[in-house]
Amino acid sequence: MPTTTKGPQPVTVPKTDGIYAHIPETVYHGDKGSLSSSGARALLNTTPAEFDHQRREPPNPKPQYDFGHAAHKMVLGEGQQLVRVDADDWRTNAAKEKREHAWAEGKSPLLKKDIDIAQRMAGKVFAHRLAARLLADGSAELSGYWRDRATGVRLRCRPDFVPEVGNGRPILVDYKTSTSASPRHFVKQAAEYGYHNQAAWYIDGFAAAAGVEGAAFLFIVQQKTAPYLVSICQLHPDHVDLGRRQNRRAVDLYAQCVESKTWPAYGDAIHNCELPGWYISQAENALQLV
């Protein structure tokens, strides 16, 4: 278990690098002076211009995010405060007003039925032998800060849970909710959302911020619908290394943008575009059938 910085935990972004407990989500995610794993993935998958816009003008809260926050809160014991709304749905003005009020206070509003589902999901997690062992003792939502050696820019990470493992290999745990807990479905999600990038970022971040070398990174994956099945997934080391090399590219790009104070988009050149190969093949085959 890494040692958190001693003394009162900050309610603003800490100036000293290290590991901190109980930093509010709004403080962590609102930090514009460091790069997170999700930010690195946004730089790779969109443009620096879009990344800069989203961090300066975050998107409005969405109900599906509220349910994710509730599931995390039930399982990890940390996260945004939940507000129960005693209504059958969000169609009434009274329910909508309560939701808007909760969002304005940085809280997660949920219908009673959705809170009940999140509680049942948590029960299934702790009924899973390995998941329960991983979450039995440790720290949730620690925030780590460090400097990239190559560029000097500040980076950050926030693993869902760090189990207390004694003298064993350190472990970092991430809890994901999904439409399926199948490992075959998980690998598709991992490729789409860059979970291999996340694993590499957190493993390397804890090595830099907490001196925790060689940590394992495990995903607790849970189905969001009954029977709320759970699986434990770990990505292949070669794929984590791929994410590490992609992260390197993202950090270098971020450093260039910070230094130049420019966040480019697509430029002024004409882009010569080709239709996807799968479409060309389908279209050609369809023409031959006429």
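Counting begins at 1 with the first residue of the sequence.
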Close aromatic pair by centroid cut-off 6.0 Å: Tyr175 and Phe219 = no

Backbone of Gly68 reached by a side-chain donor or acceptor of His72 within 3.5 Å | yes

Quick one: closest heavy-atom pair of His271 and Tyr266, and the distance?
-> NE2-O, 3.0 Å

Answer yes or no: is there a donor N or O on one side and an acceptor on the other, between the side chain of Arg41 and the main chain of Ser37, under 3.5 Å?
-> yes

Interatomic spacing from CG in Asn45 to CD in Glu50 - rounded to 0.5 Å | 10.5 Å

In terms of hydrophobic clustering (I, L, V, M, F, W, Y; side-chain heavy atoms under 4.5 Å; direct or indirect links), are Ile171 and Val125 co-clustered?
-> yes

hydrophobic_cluster_shared for Ile23 and Val13, side chain cutoff 4.5 Å = yes

Heavy-atom neighbours of Arg120 CZ exceed 12 at 6.0 Å | yes

Got Val221 and Val230 here, is their nearest side-chain heavy-atom distance under 4.5 Å?
-> no

Can you see which heavy atom on Ala200 is nearest to which on Val240, and at what distance?
-> CB-O, 3.4 Å

Heavy atoms only: give me the nearest Leu76-Asp160 pair and the separation to one decimal.
-> CD1-CB, 3.7 Å

State yes or no: do Leu253 and Trp201 share one hydrophobic cluster built from I, L, V, M, F, W and Y residues joined by side-chain heavy-atom distances below 4.5 Å, directly or via other members?
-> yes

Using a 4.5 Å cut-off on heavy atoms from C-beta on, say whether the side chain of Cys157 contacts that of Ser143.
-> no

Within the distance-only criterion (no hydrogens, no angle test), does the side chain of Thr92 pair as donor or acceptor with the backbone N or O of Ala95 below 3.5 angstrom?
-> yes

Hey, is CD on Glu259 packed in by over 12 heavy atoms from elsewhere, all under 6.0 Å?
-> no

Honestly curious: do Met121 and Ile232 fall in one hydrophobic cluster under the side-chain, below-4.5 Å linking rule?
-> yes

Between the main-chain N or O of Trp146 and the side-chain N or O of Arg154, is there a donor-acceptor pair closer than 3.5 Å?
-> no

Could you tell me which residues satisfy side chain to side chain donor-acceptor pair (under 3.5 Å) with Asp86, sequence neighbours excluded, listed by chain and number?
-> Arg84

Under 4.5 Å between any side-chain heavy atoms of Ile115 and Lys112, yes or no?
-> no

Cluster check Leu130, Leu218: I/L/V/M/F/W/Y, side chain < 4.5 angstrom = yes

Let me know which of Arg244, Arg245, Arg149, Arg248 forms a salt bridge (Lys or Arg N to Asp or Glu O under 4.0 Å) with Asp204.
-> Arg244

Is it the case that His101 and Glu105 place a side-chain donor and acceptor less than 3.5 Å from each other?
-> yes

Test of ring centre spacing under 6.0 Å for His239 and His236 = yes

If you round to the nearest 0.5 Å, how far is OG of Ser139 from CZ of Phe161?
-> 6.5 Å

Looking at Glu78 and Lys73, does any basic side-chain N land under 4.0 Å from a carboxylate oxygen?
-> no

Inspect the contact between Lys32 and Asp52 and indicate whether a charged nitrogen and a carboxylate oxygen are less than 4.0 angstrom apart.
-> no

Test item: side-chain donor near acceptor, His185 and Ser180, under 3.5 Å = no

Shortest non-hydrogen contact from Leu111 to Asp89?
-> CD1-CA, 3.7 Å

Do Asn247 side-chain atoms and Gly243 backbone N/O form a donor-acceptor pair below 3.5 Å?
-> yes

Under 3.5 Å, side chain of Arg147 to main-chain N/O of Leu155, donor-acceptor pair present?
-> no

Taken in chain and number order and not counting sequence neighbours, the residues that satisfy side chain to side chain donor-acceptor pair (under 3.5 Å) with Gln198 are Asp174, Lys176

Angle class for the Phe51/Tyr254 ring planes (parallel below 30°, perpendicular above 60°, tilted otherwise)?
-> perpendicular

If you take all heavy atoms of Ala132 and Phe126, which pair is closest and at what distance?
-> CB-O, 3.4 Å

Side-chain donor-acceptor contact under 3.5 Å, His128 with Gln222 | no

Is the shortest heavy-atom distance from the side chain of Pro14 to the side chain of Tyr145 under 4.5 Å?
-> yes

Ser281 backbone acceptor or donor facing Asn285 side chain under 3.5 Å | yes

Neighbour count above 12 (heavy atom, 6.0 Å) for Asp88 CG = no

Is it the case that Arg156 places NZ or CZ above or below the six-membered ring of Tyr28, under 6.0 angstrom from the centre and within 45 degrees of the axis?
-> yes

Search all heavy atoms of Gln234 against all heavy atoms of Ala216 and return the closest pair with its distance.
-> NE2-CB, 4.0 Å

